[in-house]
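Reading through the structure tokens given below for one structure.
Quick note on labels: first sequence line is chain A, next is B, and so on, each numbered from 1.
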2 protein chains.
Amino acid sequence: MTHAPIPAITAADKTFYNLRTDIVEGRITAGSKLSEAELSTKYGVSRAVIREAISRLVSCHIVERKANIGARVVALTPEGLIELYQVRESLEGMAARLAAQNMTPAQIDDLNTLLEQHAASVKDSQSYYQEAGDVDFHYRIIIGSHNNQLITLLTEGIYHLVRMYRVQLGMAGPRVTTAFAEHQHIAQAIANRDAELAEMLMRRHITYSRQNIEHKLHSSQTLPQA
Amino acid sequence: MTHAPIPAITAADKTFYNLRTDIVEGRITAGSKLSEAELSTKYGVSRAVIREAISRLVSCHIVERKANIGARVVALTPEGLIELYQVRESLEGMAARLAAQNMTPAQIDDLNTLLEQHAASVKDSQSYYQEAGDVDFHYRIIIGSHNNQLITLLTEGIYHLVRMYRVQLGMAGPRVTTAFAEHQHIAQAIANRDAELAEMLMRRHITYSRQNIEHKLHSSQTLPQA
DNA sequence: TTTAATTGCATTGTCGACAATATAGCTATA
DNA sequence: TATAGCTATATTGTCGACAATGCAATTAAA
């Protein structure tokens with residue numbers, strides 16, 4: 001279910017993680033103000049700890065802060081989600097290319113094993129695959145790129161942002177089985193060490209997701225409060 | 001010379017900028033430890049301010065921090081620089097593509113004006129173009145992408161890192177005139193609204209830079225201290 | 001009535017002190 | 001002598017209080 005180890009040591013660490021999940025999962029709504037005093041009592045820690053946590057959220061682009069005014073959760077515009085997907089297309093395309101070059105045979109085996117599990121679950125129950133499965137697949141390819149800059153950027157930056165947008169804009173949508181086929185083709189290209197093709201397929205895969213989202217946005221025109 | 005406005009308001013802001021430039025310009029050497037008390041007296045501010053500044057540097061990937069141990073400037077491995085250039089290739093390629101689609105006519109005119117100035121300075125004095133000119137060119141294209149995620153990622157994240165690596169690994173190298181020709185071709189593609197070509201040319205442009213750097217790294221094998 | 005200034009309050013920014021943790025040096029024991 | 005445990009010290013993490021700034025309500029003047 002969860003992918004990365006959880007090295008939460010200091011109080012600021014825990015508060016950061018708690019705050020982030022509370023925001024990403026939607027318990028703290030987009031655009032709302034983050035009062036330091038309020039959060040301080042809510043999480044039972046000092047204001048300094050809250051300030052540190054907020055600072056980190058700012059650097060994740062989850063929160064915006066203005067000097068002497070305060071911090072707010074970012075406003076969720078549909079355009080912002082599109083922009084995020086464009087960045088994903090670029091970075092994950094590169095990740096797929098590098099993965100084709102650098103993944104170890106063991107990593108490739110693991111990726112295929114994962115896909116077999118997904119195939120089974122798609123046949124049976126369908127719905128579970130959705131979120132976690134998709135994320136797992138992408139994570140492995142990102143890790144497989146063996147490029148630490150890329151890994152950090154995606155796993156502790158962009159991915160949480162994307163998740164927040166999708167949750168709060170109500171984009172839990174299906175597109176399951178077709179996406180699964182695309183996953184298979186990408187894995188195939190990586191196994192064949194075909195970097196060019198892997199990149200192209202990954203980019204196309206994410207472009208499809210983006211178009212899927214754009215379609216949903218246009219059909220249900222319900223903008224959240226500014 | 002400088003590109004972005006300087007919205008330094010609070011003391012932590014200024015300290016952050018000061019610390020960053022001191023690191024990027026090499027006055028604080030890579031791998032060295034950042035003692036909070038020491039920096040506190042050096043910059044004449046409280047430890048809390050220093051901690052805030054360091055936190056921001058951590059989120060820029062310029063500094064690494066371990067809980068209860070301390071913060072160090074990142075170690076500069078040649079591999080790290082290569083990784084950075086791979087990310088640049090990906091993101092700036094996308095930026096060029098989006099710029100071809102989204103740049104306003106005025107922005108395109110400005111870009112061409114800039115190139116004419118560069119042409120003149122290359123003919124005359126040569127050497128000036130080097131750093132600032134190159135950065136200016138790339139900045140305008142990034143801004144021209146009109147993708148805020150991309151803009152933020154590059155201008156306040158990756159670029160400072162690249163600069164730090166180049167300064168401290170002694171990569172101030174030439175490659176001036178050929179790079180200028182590549183700039184012209186990229187600008188041409190953008191003016192023609194040829195997104196595909198613009199992306200490809202930009203990626204190739206950065207790939208050349210990376211190969212140039214790899215070449216230098218292999219010829220002069222002087223690794224900094226671990 | 002409307003607008004401008006002032007005053008008071010709430011929130012953020014900064015500071016110094018205390019608590020918790022890690023590193024180095026010393027001591028004792030095998 | 002070497003190693004394990006302990007102690008002392010230095011560094012980081014956390015806290016509460018004070019200073020500075022922004023915002024809103026109230027008041028005064030046109």
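Proximity of a side-chain donor or acceptor of B/Ser90 to a complementary backbone N or O of A/Met94 within less than 3.5 Å is not detected. Of the possible donor and acceptor atoms, one in the side chain of A/Thr15 sits under 3.5 Å from a partner among the backbone N and O of A/Ala11. The backbone N or O of B/Gly80 lies less than 3.5 Å from a partner atom in the side chain of B/Thr77, making a donor-acceptor pair. The backbone N or O of A/Ala106 lies less than 3.5 Å from no partner atom in the side chain of A/Asp109, so there is not a single donor-acceptor pair. Between the side chain of A/Ser145 and the backbone N or O of A/Ala99, no donor-acceptor pair lies under 3.5 Å.
Applying the side-chain hydrogen bond (donor to acceptor under 3.5 Å, both in side chains) test to A/Tyr43 and every residue at least two apart in sequence or in another chain returns A/Asp22.
Sorted by first then second residue, the salt bridge (Lys or Arg N to Asp or Glu O under 4.0 Å) pairs that include residues 83-97 of chain B, not counting sequence neighbours, are A/Glu89-B/Arg97, A/Arg97-B/Glu89, B/Arg88-B/Glu92, B/Glu89-B/Arg203, B/Glu89-B/Arg210, B/Arg97-B/Glu199.
As rounded to whole Å, 11 Å separates atom P of C/dT14 from atom CD1 of B/Ile9. The distance between atom CG of B/Asp13 and atom C1' of C/dG13, rounded to the nearest whole Å, is 11 Å. Atom CZ in A/Phe16 sits about 19 Å away from atom C1' in D/dT14, given to the nearest Å. Regarding B/Arg47, its CZ atom lies at a distance of 12 Å from the C1' atom of C/dA19, rounded to whole Å.
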Distances for protein N or O near nucleotides 7-9 of chain C N or O, under 3.5 Å:
none

Enumerate the protein-to-nucleotides 20-25 of chain C contacts in which both atoms are nitrogen or oxygen and the separation is below 3.5 Å.
none

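The residue from A/Ile108, A/Leu114, A/Asp110 that alone fulfils the side-chain contact (heavy atoms from CB on, under 4.5 Å) condition with A/Asn112 is A/Ile108. Results of the salt bridge (charged side-chain N to carboxylate O under 4.0 Å, His left out) test with B/Glu25 over B/Arg20, B/Arg163, B/Arg166 single out B/Arg163 as the only residue that passes.
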N/O donor-acceptor pairs under 3.5 Å from side chains in residues 58-71 of chain B, not counting sequence neighbours:
| from | atom 1 | to | atom 2 | distance (Å) |
| --- | --- | --- | --- | --- |
| B/Ser59 | OG | B/Arg56 | O | 2.7 |
| B/Arg65 | NH1 | B/Ser55 | OG | 3.1 |

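In summary, A/Lys33 and A/Glu38 do not engage in a salt bridge, as defined by a charged side-chain N under 4.0 Å from a carboxylate O.
At a threshold of 4.0 angstrom between heavy atoms, the contacts of A/Ile50 with the nucleic acid are absent.
Taking 4.0 angstrom as the limit, B/Lys33 places a side-chain polar atom (N or O) nearer than this to OP1 or OP2 of D/dT12. Residue B/Thr10 has no polar side-chain atom (N or O) positioned under 4.0 Å from OP1 or OP2 of C/dT12.
When each of A/Val45 and B/Gly70 is assigned the nucleotide of DNA chain D bearing its nearest heavy atom, the one mapping closer to the 5' terminus is B/Gly70. Residue B/Glu36 is the one, among A/Val49 and B/Glu36, whose nearest nucleotide of DNA chain D lies closer to the 5' end (criterion: closest heavy atom).
Listed in residue order, the members of residues 51-66 of chain A having a heavy atom less than 4.0 Å from DNA chain C are A/Arg51.
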